[in-house]
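Throughout, protein chains are lettered first and strands after them, A, B, ... in sequence-line order, and every chain is numbered starting at 1. Note that these values count all heavy atoms, side chains included, but never hydrogens, waters or copies made by symmetry.
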Number of protein chains: 2
Amino acid sequence: MKSHQITIIDIANTLNLSKSTVSRALTGHPNVKVKTRERVLELAAELDYQRNQLAISLLTNRTQTIGIMVPEFLSSFFPKVIIGAQDVLAKAGYNVVICHSNESYETEIVNTKLLLASRVDGILVSHTKETRNFEHFKIFDRKGIPVVFFNRIVEEMSVSKVAVDDYEGAYQAVEHLIKTGKRRIAHLSGPDSLQNSRSRLNGYRDALTNHQIPIDPALIISYDLTLDKANIYVNHLLNLPQPPDALFAINDPTAIEALKVIKSRGLRIPEDIAIVGFSDDPISALIEPGLTTVSQPVDEIGREAARLLLNQLAADDERPEPELVVLPTRLIIRGSTVTGEIPTGFGDQTSLPSF
Amino acid sequence: MKSHQITIIDIANTLNLSKSTVSRALTGHPNVKVKTRERVLELAAELDYQRNQLAISLLTNRTQTIGIMVPEFLSSFFPKVIIGAQDVLAKAGYNVVICHSNESYETEIVNTKLLLASRVDGILVSHTKETRNFEHFKIFDRKGIPVVFFNRIVEEMSVSKVAVDDYEGAYQAVEHLIKTGKRRIAHLSGPDSLQNSRSRLNGYRDALTNHQIPIDPALIISYDLTLDKANIYVNHLLNLPQPPDALFAINDPTAIEALKVIKSRGLRIPEDIAIVGFSDDPISALIEPGLTTVSQPVDEIGREAARLLLNQLAADDERPEPELVVLPTRLIIRGSTVTGEIPTGFGDQTSLPSF
DNA sequence: CATGATTTTGGGAACATTCCCAAAAATATA
DNA sequence: TATATTTTTGGGAATGTTCCCAAAATCATG
């Protein structure tokens with residue numbers, strides 16, 4: 001049983017004013033006597049009046065709400081992005097609704113309908129690994145609701161996007177492996193449906209080629225990011241007649257899974273096989289050996305995506321040109337690729353939260 | 001520029017019907033001719049009509065939205081809770097708005113206002129470690145908006161709550177240490193403001209007392225969960241004239257921090273000092289040695305909290321009695337407390353997500 | 001075929017707010 | 001003091017929907 005909500009009419013009646021005047025007083029409209037405004041504000045505070053955003057939204061057709069859709073949020077990556085975006089959006093007066101599609105295309109479609117139904121003013125999206133058809137996002141575009149992609153971006157849609165330099169990150173990771181003397185470098189890649197997966201693969205390829213190392217297709221395995229399968233693929237690689245002496249994994253969870261397999265087989269890391277991941281998950285600094293990985297400015301991805309969305313939202317006449325922001329990556333070297341001076345594991349300043 | 005939204009009036013005009021009839025057809029009201037309903041549904045589908053939830057909310061004073069407020073969501077704990085809750089709530093037709101207060105009392109107050117302004121139908125809350133005054137939550141109660149606490153529960157409010165058996169979990173953890181021969185067991189406790197922190201401390205105390213081990217106040221340190229301080233306290237404990245031979249930490253991040261310090265001092269785990277955490281964070285299975293910890297049914301906490309909220313929401317006449325659900329914990333034994341048969345680290349089936 | 005019963009439809013109020021325009025009040029000017 | 005000007009206020013429409021009640025249409029029964 002929700003109790004009666006105080007409305008401007010309640011205030012108007014008590015003060016013998018019209019709702020129009022009360023509305024003006026509360027919204028800071030200039031045409032209202034100072035004395036009257038004071039009386040209204042005082043009573044409003046006293047009654048703990050809260051303006052009903054629903055009514056305003058109905059009238060203005062704006063909900064001041066942004067939807068953020070991510071494929072999952074169990075790893076620290078997306079929560080960090082969300083926190084960054086939320087911070088920027090909150091300062092601009094927007095609420096945020098978070099959806100996670102659980103890497104399922106079906107769920108993503110459902111979420112899309114949900115966000116449409118709750119009449120969000122815009123959305124920030126990182127699509128699922130299953131998504132190959134983007135019609136459900138184009139609906140937003142057609143309705144004039146701005147869409148910004150981040151992390152996993154969609155080339156076929158002309159909207160603002162935030163990515164990191166996946167190509168360069170991968171290139172540097174592989175180059176680092178080459179410099180430590182590795183020659184048979186395997187790549188556990190992600191699904192072809194993900195743009196960042198394709199870019200990382202390209203970076204891997206070009207780094208090898210530019211260092212006159214032939215590309216061995218047997219060392220490139222593309223998989224669907226289902227971790228228990230990573231296990232199988234790593235074992236497969238290790239069982240090759242000519243097993244790899246290094247592994248560049250599409251992301252940290254995959255790299256960690258590989259690390260488990262390799263350790264359990266009694267191989268030495270990095271002497272027998274070196275490992276590099278991608279994203280610098282907090283776990284990567286804690287395991288042993290510490291995981292060399294390509295870090296991304298995660299928080300900044302969220303902030304930047306939010307800014308691009310606000311840019312689109314700000315223009316009330318005509319949509320501004322879509323923008324593409326590519327943020328830099330940075331190679332973090334730990335014990336999984338080098339021995340000696342670099343402390344193995346536990347070397348980094350990480351801030352784990354408390355619960 | 002948002003484009004015009006299709007309304008029931010558009011449909012009514014096209015079909016020469018009144019908005020009332022169209023509304024009935026769409027909502028499945030029985031008093032409408034089958035033929036008419038078909039025509040309406042057909043046109044609605046064709047025009048991609050979406051009912052405007054804002055208008056309905058304004059009318060019914062229900063937003064079909066639930067707020068979830070958590071102190072942080074960088075660790076895997078709260079995201080998992082949120083996923084569980086969201087699943088249950090979505091099936092009951094509710095949307096979810098997520099707020100994180102970043103362990104800040106100030107932010108929590110701001111979030112409270114936000115949720116109040118967006119007229120949520122109910123809230124699920126785990127308060128910050130700073131929160132000692134709960135007036136901002138009582139406002140919801142007074143307005144008839146049900147509140148359910150989980151994980152960090154508030155004793156002074158008579159609302160539904162979901163907790164785990166912190167006392168029993170702590171008791172078993174400490175008893176396990178005693179059984180492995182440890183006698184000087186330290187406890188790095190959380191702030192006194194958290195009910196679960198107090199319960200775990202009680203479990204620790206009673207386990208010692210029941211095994212005729214005197215409680216040494218020098219071995220109990222209560223801290224504010226700021227991880228860099230954990231470092232200091234662990235060093236302090238190790239520097240005692242009679243250092244502890246075991247450490248029971250309030251949570252896994254604290255335990256992992258302790259593990260780092262202990263390893264860096266060259267002590268053996270568990271021979272010199274054993275460690276137990278609380279919550280079974282995915283990291284705990286990956287580090288070396290694996291961390292013995294008290295696991296909680298995280299997903300189920302969220303589901304149960306959502307169910308209790310739905311119970312409160314369902315009764316449209318009078319609020320039902322608040323319920324308290326206490327879920328069981330389970331001790332997960334790993335290499336940080338025992339040597340030998342138990343695999344050290346990497347022993348568990350963990351599912352890390354992909355990004 | 002008329003009358004009553006039932007099904008189907010339409011009109012208007014209500015939800016809380018803002019905004020436009022007109023009316024009223026206050027103030028300035030002659 | 002009368003008139004013009006400015007400030008302040010009030011009334012009503014509009015937003016999109018549901019629900020109630022009355023009106024209209026259809027159907028059944030004698």
Could you pull out the protein-nucleic contacts involving nucleotides 10-13 of chain D (nitrogen or oxygen on both sides, under 3.5 Å)?
residue : atom : partner  : partner atom : Å
dG10(D) : OP2  : Ser18(A) : N            : 2.6
dG10(D) : OP2  : Ser18(A) : OG           : 3.2
dG10(D) : OP2  : Thr21(A) : OG1          : 3.0
dG10(D) : N7   : Arg24(A) : NH2          : 3.1
dG10(D) : O6   : Arg24(A) : NH1          : 3.1
dG11(D) : N7   : Ser20(A) : OG           : 3.1
dG11(D) : O6   : Ser20(A) : OG           : 2.8
dG12(D) : N7   : Lys19(A) : NZ           : 3.2
dG12(D) : O6   : Lys19(A) : NZ           : 2.9
dG12(D) : O6   : Ser20(A) : OG           : 3.4

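- Residue pairs that meet the salt bridge (Lys or Arg N to Asp or Glu O under 4.0 Å) test with at least one member in residues 88-101 of chain A, sequence neighbours left out, are Asp87(A)-Lys91(A).
- Leu54(B) has its CG atom 14 Å from the P atom of dT17(C), to the nearest Å.
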In dot-bracket form, 5' to 3', how is DNA chain C paired? Count Watson-Crick and G-U wobble pairs only if both distances fall under 3.5 Å, and write | where the partner sits on another strand.
||||||||||||||||||||||||||||||
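- Distance, Arg119(A) CZ to dG16(D) C1': 9 Å, rounded to whole Å.
- Applying a 4.0 Å cut-off to non-hydrogen atoms, none of the residues of residues 29-41 of chain A approaches DNA chain C.
- Atoms CD1 (Ile9(B)) and P (dT15(D)) sit 7 Å apart, rounded to a whole Å.
- Between Phe73(B) and His100(B), the two ring planes are parallel [angle under 30°; tilted spans 30° to 60°].
- Residues Phe134(A) and His127(A) bring their aromatic ring centres within 6.0 Å.
- Side-chain N/O atoms of Ser23(B) and Ser20(B) include no donor and acceptor closer than 3.5 Å.
- In this view, Thr27(A) satisfies the side chain to side chain donor-acceptor pair (under 3.5 Å) rule with no residue, not counting sequence neighbours.
- Pairs of residues two or more places apart, or lying in two chains, never qualify as salt bridge (Lys or Arg N to Asp or Glu O under 4.0 Å) while including a residue from residues 44-56 of chain A.
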